[in-house]
Amino acid sequence: MRAVRVEAHGGPEVLVPADLPDPEPGEGEVLVDLEAVGVNYIDTYVRSGIYPATLPTVPGLEGAGTVAAVGPGVSDVAVGDRVAFSDGPGAYAQRAVVPAARVVPVPDAVPTELAAASLLQGMTAHYLVHDTHPVVPGDAVLVHAGAGGVGLLLCRMASRLGATVIATTSGEAKAELARGAGAHHVLRYEGFADRARELTGGRGVAVVYDGVGATTFDGSLASLRVRGVLALYGAASGPVPPVDPQRLNSGGSLYLTRPSLGWHIITTEALRERAAAVFAMVADGSLPIRIGGRYALDDAAQAHRDLEGRATTGKLLLIP
């Protein structure tokens with residue numbers, strides 16, 4: 001099969017196409033013929049070495065396709081089933097072996113490509129607005145990178161829950177996308193904290209959903225209302241330096257959390273319930289998915305360059 005391997009940590013150039021033996025499912029595993037593979041920022045962390053990985057490795061956590069074979073002990077997934085996964089290893093390939101307990105069924109009303117484009121980022125946005133800070137009508141929320149894959153979904157979900165959504169973007173074209181997804185106000189990054197306070201009558205926002213990290217962190221804290229929540233769910237601009245907890249006190253008894261999807265889908269039941277909620281919104285049209293780019297598998301390096309260069313909007317896919 002064709003795959004993309006990382007043999008040494010580094011920039012996008014270390015993503016090397018390769019021909020590898022077809023994998024075979026073991027006990028409790030399924031083999032998936034992949035039709036679409038999600039490109040996520042976490043993949044760049046694995047590639048660069050920010051997140052540890054044993055090399056060589058085939059990166060990629062997210063994909064969707066058809067079950068080609070099942071291993072011993074698998075009873076709830078069958079050959080021919082359409083499935084998707086968000087935390088299976090080795091997705092940058094034509095085929096991937098995934099634990100059966102970590103695949104989710106794809107409903108008939110959801111095309112396979114949309115399943116790959118919506119699962120990981122959709123579940124991320126879902127836990128952020130329902131669990132990390134449950135959004136209620138009247139909340140003012142700040143969404144960084146409002147035209148990105150997660151950002152667009154956060155704007156959509158938060159606005160549907162009755163929030164006033166303030167988004168940040170880096171240009172007018174991206175601002176239009178954020179507005180189309182439900183953002184009521186769109187700001188540039190420079191001076192966003194002051195503008196967020198102006199838009200909330202000086203009070204500040206109830207929550208900041210920050211996937212940018214180092215370059216927005218201080219402003220995110222400064223944007224919060226008393227007892228507001230900074231949900232730092234990513235670090236696209238780099239990791240945040242150590243923080244003195246006294247800053248949370250002096251800022252108004254603030255809350256800082258570093259959540260991640262894995263802790264919200266620990267069990268198969270939790271995974272499939274959250275995936276079903278996302279797919280239901282995709283199926284009924286209430287959660288439109290913007291696919292910002294499709295790349296051949298061998299062009300994974302270019303997909304990473306575009307993603308890290310902030311040249312993209314919505315979701316990027318590899319098509320094996």
Side-chain angles (χ1 to χ4, degrees), residues 1 23 25 28-40 60-71 73-127 129-130 149-150 152-157 160-161 180-182 261 264-297 314-320:
M1 70 170 185
E29 295 178 329
V30 299
L31 175 65
V32 182
D33 281 338
L34 291 166
E35 297 177 34
V37 174
V39 178
N40 296 287
L61 297 176
E62 180 183 35
T66 303
V67 175
V70 301
V74 175
S75 59
D76 60 344
V77 182
V79 172
D81 286 353
R82 285 196 313 136
V83 298
F85 57 88
S86 64
D87 57 2
Y92 282 21
Q94 292 176 319
R95 306 184 115 189
V97 168
V98 186
R102 303 310 292 173
V103 300
V104 300
V106 177
D108 291 341
V110 178
T112 306
E113 190 176 86
L114 283 186
S118 62
L119 185 60
L120 190 151
Q121 292 180 339
M123 291 195 298
T124 297
H126 188 274
Y127 85 71
V129 301
H130 288 285
V150 176
L152 287 170
L153 303 182
L154 282 169
C155 290
R156 183 79 60 180
M157 291 186 189
R160 289 185 69 227
L161 291 168
L261 176 60
H264 293 79
I265 53 170
I266 294 175
T267 67
T268 302
E269 179 183 19
L271 166 66
R272 291 181 178 168
E273 285 182 358
R274 201 173 293 273
V278 171
F279 285 157
M281 290 186 284
V282 174
D284 69 17
S286 61
L287 189 67
I289 302 300
R290 176 181 174 81
I291 297 175
R294 295 173 178 84
Y295 301 76
L297 188 63
K315 182 71 175 191
L316 304 187
L317 294 177
L318 302 179
I319 308 300

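Sequence positions, counted from 1, serve as the residue numbers for this chain.
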Enquirer: For a quick test of reading the model, state the closest non-hydrogen atom pair linking A36 to E113 and the distance between them.
Expert: CB-CA, 4.1 Å
Enquirer: Would you say the side chain of V70 lies within less than 4.5 Å of the side chain of P25, judging by non-hydrogen atoms?
Expert: no
Enquirer: For a quick test of reading the model, state the closest non-hydrogen atom pair linking V83 to V106 and the distance between them.
Expert: C-CG2, 3.6 Å
Enquirer: Atom CE in M281, atom CZ in R160: separation rounded to 0.5 Å?
Expert: 6.5 Å
Enquirer: Mind jotting down which residue pairs meet the salt bridge (Lys or Arg N to Asp or Glu O under 4.0 Å) criterion with at least one end in residues 78-89? Sequence neighbours excluded, please.
Expert: D87-R102
Enquirer: If the condition is side-chain contact (heavy atoms from CB on, under 4.5 Å), which residues does A117 pass it with, not counting sequence neighbours?
Expert: I289, I291, K315, L317
Enquirer: Any side-chain heavy atom of Y295 within less than 4.5 Å of one from V39?
Expert: no
Enquirer: Would you mind reporting whether R272 and V103 have side-chain heavy atoms less than 4.5 Å apart?
Expert: yes
Enquirer: Testing the basics here: between D76 and A100, what is the closest heavy-atom pair and its distance to 0.1 Å?
Expert: OD1-CB, 4.5 Å
Enquirer: Working to the nearest 0.5 angstrom, can you tell me the gap between Y92 OH and L34 CG?
Expert: 12.5 Å
Enquirer: Hey, what do you get for CG (L261) to CE (M123), rounding to the nearest 0.5 Å?
Expert: 4.5 Å
Enquirer: Any sub-3.5 Å donor-acceptor pair from S86's side-chain atoms to L119's backbone N or O?
Expert: no
Enquirer: To the nearest 0.5 Å, what is the distance between NE2 (H126) and CZ (R274)?
Expert: 6.0 Å
Enquirer: With sequence neighbours left out, write down each residue that passes salt bridge (charged side-chain N to carboxylate O under 4.0 Å, His left out) with R290, or none if nothing qualifies.
Expert: none
Enquirer: Can you name the closest pair of heavy atoms from S118 and E62 and give their distance?
Expert: C-OE2, 4.4 Å
Enquirer: To check you understand the geometry: which heavy-atom pair defines the closest contact between V37 and A91, and what is its length?
Expert: CG2-O, 3.1 Å
Enquirer: If you count every heavy atom of other residues, nucleotides or ligands that lies below 6.0 Å from D284 atom CG, does the total exceed 12?
Expert: yes
Enquirer: CD1 of I265 to CG of L120: how many Å apart, nearest 0.5 Å?
Expert: 7.5 Å
Enquirer: Locate the shortest heavy-atom distance separating A84 from A64; write the atom from each residue and the value.
Expert: CB-CB, 3.9 Å
Enquirer: Given the rule in the side-chain contact (heavy atoms from CB on, under 4.5 Å) test, do M157 and L152 qualify, once you have shown the distances and angles that lead to the verdict?
Expert: CA-CA 9 Å; M157 291 186 189; L152 287 170; over 6 Å; no
Enquirer: How long is the straight-line distance from CD1 of I319 back to CD of E35, given to the nearest 0.5 Å?
Expert: 9.0 Å
